[in-house]
Structures are given as C-alpha cells and as structure tokens.
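In what follows, a single structure is set out as structure tokens and then discussed.
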Amino acid sequence: MQPVEPDRHDKAADAVHEGRPVDAGYVRGGGKGKSIVPILVISTLGAAAALFACFILYSVNGGHVDRSVPEKAADSAVFEGDQPTQALPAPAPTPTR
C-alpha cells in the first residue's frame with residue numbers, strides 16, 4: 001500500500017527546520033475514515049450501565065448492612081469496661097522563657 005503522497009514527512013520536516021508554518025494537511029494523522037462517535041457512544045453507555053449495576057448491587061442488598069440498635073448496643077457493651085493496655089507517656093513540659 002503506497003501512501004497518497006510519499007514525501008509528506010519530508011515536506012513537513014523541511015518546513016519545521018526552516019521555521020515556516022507546516023500545512024495542516026501534512027501533519028494530520030490520517031485521511032477520512034470511520035467516525036469514532038459510535039465507539040464513544042457505545043463505551044459511554046457501557047460504562048453507565050456498569051456503574052448503575054454496581055449501584056444496584058451495593059445499595060439493594062436486603063437490608064443486611066446496617067444492624068439494628070439492640071445489636072449495636074450489645075456489641076458496644078462488651079467494650080465499655082475495657083481500659084487501654086498501655087498508658088501513653090506524659091507529654092514533655094513546655095519550656096518557658
């Protein structure tokens with residue numbers, strides 16, 4: 001497959017080295033091709049569907065995430081009498097001037 005204009009790179013490189021502006025036709029990546037809009041639309045819809053599925057999975061789980069108040073009270077009662085196992089050292093006195 002031969003490029004449309006085999007010396008496109010040479011023309012653009014010469015313009016750059018000479019300090020002239022480069023014609024946009026020489027620096028463009030490629031010719032007319034398939035549009036990427038359908039790919040962008042499909043990927044955006046896929047990402048939105050995945051986020052919605054995650055939201056549904058994590059928000060609607062039968063109500064088993066938050067425990068009832070009596071269960072929380074029973075769990076916290078176990079720790080009410082606990083004391084720290086190690087006392088923190090006393091802070092150093094602040095020097096006065």
Side-chain angles (χ1 to χ4, degrees):
M1 185 170 143
Q2 290 293 327
V4 176
E5 227 178 305
D7 58 346
R8 290 172 64 109
H9 174 73
D10 295 334
K11 289 182 181 179
D14 290 341
V16 168
H17 289 299
E18 295 170 4
R20 294 183 288 122
V22 180
D23 186 26
Y26 293 129
V27 295
R28 212 172 284 136
K32 297 282 184 185
K34 293 182 181 179
S35 176
I36 63 166
V37 173
I39 295 171
L40 291 174
V41 168
I42 291 169
S43 63
T44 302
L45 290 175
L51 286 173
F52 185 71
C54 288
F55 172 74
I56 294 299
L57 287 175
Y58 289 113
S59 68
V60 182
N61 55 7
H64 297 298
V65 169
D66 197 19
R67 298 175 302 166
S68 66
V69 173
E71 288 176 7
K72 290 179 186 177
D75 285 346
S76 63
V78 173
F79 296 105
E80 281 182 9
D82 285 353
Q83 296 297 320
T85 57
Q86 220 177 25
L88 297 175
T94 307
T96 57
R97 293 184 184 191

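All values derive from a computational prediction rather than experimental measurement. Residue numbers count from 1 along this sequence.
- Cluster note: I39 groups with no other residue, as no ILVMFWY side-chain heavy atom lies under 4.5 Å from it.
- In L40, the CG atom is crowded: over 12 heavy atoms of neighbouring residues, nucleotides or ligands sit closer than 6.0 Å.
- Connection of L45 to V37 is established within a shared hydrophobic cluster, with ILVMFWY side chains joined at heavy-atom distances below 4.5 Å, either directly or through further cluster members.
- Of all heavy-atom pairs between P21 and A15, the closest is O-CB, 4.1 Å.
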